[in-house]
Every structure is written in structure tokens, then in C-alpha cells.
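Both counts, for ligands and for their atoms, begin at 1 and track the order of listing.
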Amino acid sequence: MDALRKVVLEDEQCLANVRPGKRVVFGVGNLDAAIMFVGEAPGAEEEKLGEPFVGPAGQLLTKMISAMGLSRAEVYIGNIMNWRPQMPVDADGEQYGNRPPNAEEMNYCLPYLQAQIEIVSPKVVVALGSTAAHGLLGADAFKALGDVRGRWHEFAKYPMMVSYHPSYILRNQSNRSKRMIWEDLLQVMERCDLPITEKQQGYFLSV
Ligand code: URA
């Protein structure tokens, strides 16, 4: 993994896509992880710190992982993209918005993600949100995320659960949406033979 990380961090195309002072972002976590979470692309915090899922969506992902009885250090976290998809910058030289990566960008970075998945060889891959799911299932695999989420799929022979991106929960704070993502994670826990308490079974059931 160290050798792969070095290749990605020194990749000319990746470097050409990050602005001065920002960083290429490679996956982090346990190389023996049973669960590998896959997101979309670095955002502002991630490209600043060079680590996936450290901004607001990342803090929620960290909470979700701990609700599963795990820590970030016990799972592996990666992204489809190794750089923040670029948009115009403001007068201060900072990019404020985010955009989803295009097909060409995703195709460029996908082999790097696949190599990480093969090294970690997790029991389960969890695709977070529609960009990750499209990247891993194929551009034409589905129209609405609801058609594929909460179900088992395969990526490169690895069982894969598709769920919502934590940023969706940040925008939709209802117990219903929290319960949907939590039910997907319960399926992941079951598949990995993780203990599930009654309390965990019942999270977000109240309306
Ligand atoms: N959203 C993602 O999909 N990935 C990150 O690393 C951060 C936010």
C-alpha cells in the first residue's frame, strides 16, 4: 500500500489537478479491514489535510462508524477520486463549491481505488452515494440511487452494499433518512459477523 500511495501522491495527472498548497488524497485505514467505505471525492477540508472524509460529511461518517461499534482505525476509507474536482476560484484564490467528478476523471482514478480494494481485500465494500455507486457499478447501472441502495451488489468479486452519502443525511436530518442509511449499515454488520445489540437494532426507529 505504501508503494501505491507513493505512486498516487506523485502521479502527474493528480498533481496537475490540485492547486498550490492543496493535496492529492489517498485512502486511509486498516489494511486488514473487514469494511471499506468508498466516497466520491475530496472536498475543501480533505484537499487541505490530504485525508478522506475529514470535513462535515466525514465527521458524520466517523459517527456512523462508531455507532457500528468500530473506529476509523478499524475500517478503510477511500474515494473514487484522488483530487477535488476543480471549479473556478474566488477573488481570494479559494474554491468554495464542489461538483461531482466527470466520467473521464473517474476513469482516471478508479484503477487506484480498485488497487486499494484488492490490497485491503475487505469482506464488504460500502459505496456511499450515487457517484461512488456509479463509479463502482457502471455509469449506466441505475437511474436513481433508491433503485440500488440497501441491496447487495458486487465490485471486482467483492460484496458491495450501496447506501446514501453522509452529506445526504446532513441535508435531510429526518429519522427516516437516518434509519435508511442505518439499515444498510446493519446489513453490513451482519455480513461481517459483527455483534448487533438491541439498542443498535433500534436506532432511529422513533418518528
Ligand atoms: N465526501 C466524499 O465523498 N469524500 C470525502 O473524502 C469527503 C467528502
Side-chain angles (χ1 to χ4, degrees), residues 1 4-5 8-9 11 14-15 17-19 21-30 33 35-66 70-87 94-103 105-117 120 122 124-137 139 141-142 145 148-149 153 155 160-173 177-178 180-181 184-185 188:
M1 192 66 98
L4 177 64
R5 180 185 302 106
V8 174
L9 297 186
D11 179 296
C14 291
L15 288 170
N17 277 286
V18 296
R19 292 197 176 87
K22 309 296 183 205
R23 294 165 67 171
V24 175
V25 179
F26 189 74
V28 284
N30 194 320
I35 304 172
M36 175 151 172
F37 290 95
V38 175
E40 177 175 322
E45 294 300 314
E46 288 79 17
E47 70 164 0
K48 204 190 307 170
L49 298 174
E51 183 167 335
F53 280 103
V54 287
Q59 284 157 22
L60 180 54
L61 177 63
T62 305
K63 280 191 195 159
M64 286 156 44
I65 292 167
S66 76
L70 298 168
S71 68
R72 269 177 84 103
E74 287 174 283
V75 301
Y76 193 90
I77 304 174
N79 276 318
I80 295 279
M81 291 294 302
N82 299 106
W83 67 78
R84 182 183 185 190
Q86 293 203 4
M87 290 174 69
E94 286 293 326
Q95 171 178 329
Y96 286 97
N98 288 310
R99 65 163 172 84
N102 61 37
E105 292 171 323
M106 295 213 286
N107 288 340
Y108 189 82
C109 291
L110 192 59
Y112 288 149
L113 178 70
Q114 179 155 355
Q116 290 171 81
I117 295 176
V120 175
V124 169
V125 173
V126 184
L128 297 167
S130 130
T131 303
H134 271 304
L136 297 175
L137 288 174
F142 62 93
L145 187 66
V148 286
R149 82 140 267 273
H153 304 267
F155 174 74
M160 179 167 83
M161 172 57 62
V162 173
S163 194
Y164 293 110
H165 193 282
S167 61
Y168 170 79
I169 304 298
L170 291 178
R171 293 191 305 268
N172 299 273
Q173 294 273 352
S177 40
K178 288 180 188 164
M180 285 198 285
I181 197 166
D184 303 342
L185 296 180
V188 169

Does K178, at its NZ atom, have more than 12 non-hydrogen atoms belonging to other residues, nucleotides or ligands within less than 6.0 Å?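 Result for NZ/K178: enclosed.
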Salt bridge flag under 4.0 Å for residues E45 and R84: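 No salt bridge links E45 with R84.
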Which atoms of ligand 1 sit under 4.0 Å from any heavy atom of P52?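 In order of number, 6 (O).
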Heavy-atom contacts with G39 under 4.0 Å: which atoms of ligand 1 show up? List them by number with element.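 Ligand 1 atoms under the 4.0 Å threshold to G39: 3 (O).
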Stepwise side-chain hydrogen bond (donor to acceptor under 3.5 Å, both in side chains) check, D11 with Y112: CA-CA 11 Å; D11 179 296; Y112 288 149; 2.5 Å; yes
Atom 4 (N) of ligand 1: the protein heavy-atom neighbour that sits closest, reported with distance to 0.1 Å: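 The closest heavy atom on the protein side is N79 OD1, 2.8 Å.
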Return the closest protein heavy atom for atom 1 (N) of ligand 1 as residue, atom name and distance.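 Going by distance alone, atom 1 (N) of ligand 1 is nearest to H165 NE2, 3.3 Å.
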Closer than 3.5 angstrom, by distance alone: can the side chain of T131 be matched with the main-chain N or O of E40 as a donor-acceptor pair?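 No, T131 side chain to E40 backbone: no donor-acceptor pair under 3.5 Å.
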Check for a donor-acceptor pair, side chain of Q95 on one end and backbone N or O of P85 on the other, with a separation under 3.5 Å.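 Flag set: sc Q95 to bb P85 pair under 3.5 Å.
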Would you check, one step at a time, whether the test side-chain contact (heavy atoms from CB on, under 4.5 Å) holds for F155 with M36? CA-CA 12 Å; F155 174 74; M36 175 151 172; over 6 Å; no
Classify the contact between A41 and ligand 1 as side chain, backbone, both or neither, using a heavy-atom distance cut-off of under 4.0 Å.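 It is the backbone that gets close, since no side chain atom is under 4.0 Å.
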Side chain, backbone, both or neither: which part of E46 comes within less than 4.0 Å of ligand 1 when only heavy atoms are counted?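 Near ligand 1, E46 shows its side chain, while the N, CA, C and O stay back.
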What about F53: any of its N or O atoms under 3.5 Å from an N or O on ligand 1?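 There is such a contact, yes.
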Any G58 heavy atom less than 4.0 Å to ligand 1: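 Judged by the 4.0 Å heavy-atom criterion, G58 does not count as contacting ligand 1.
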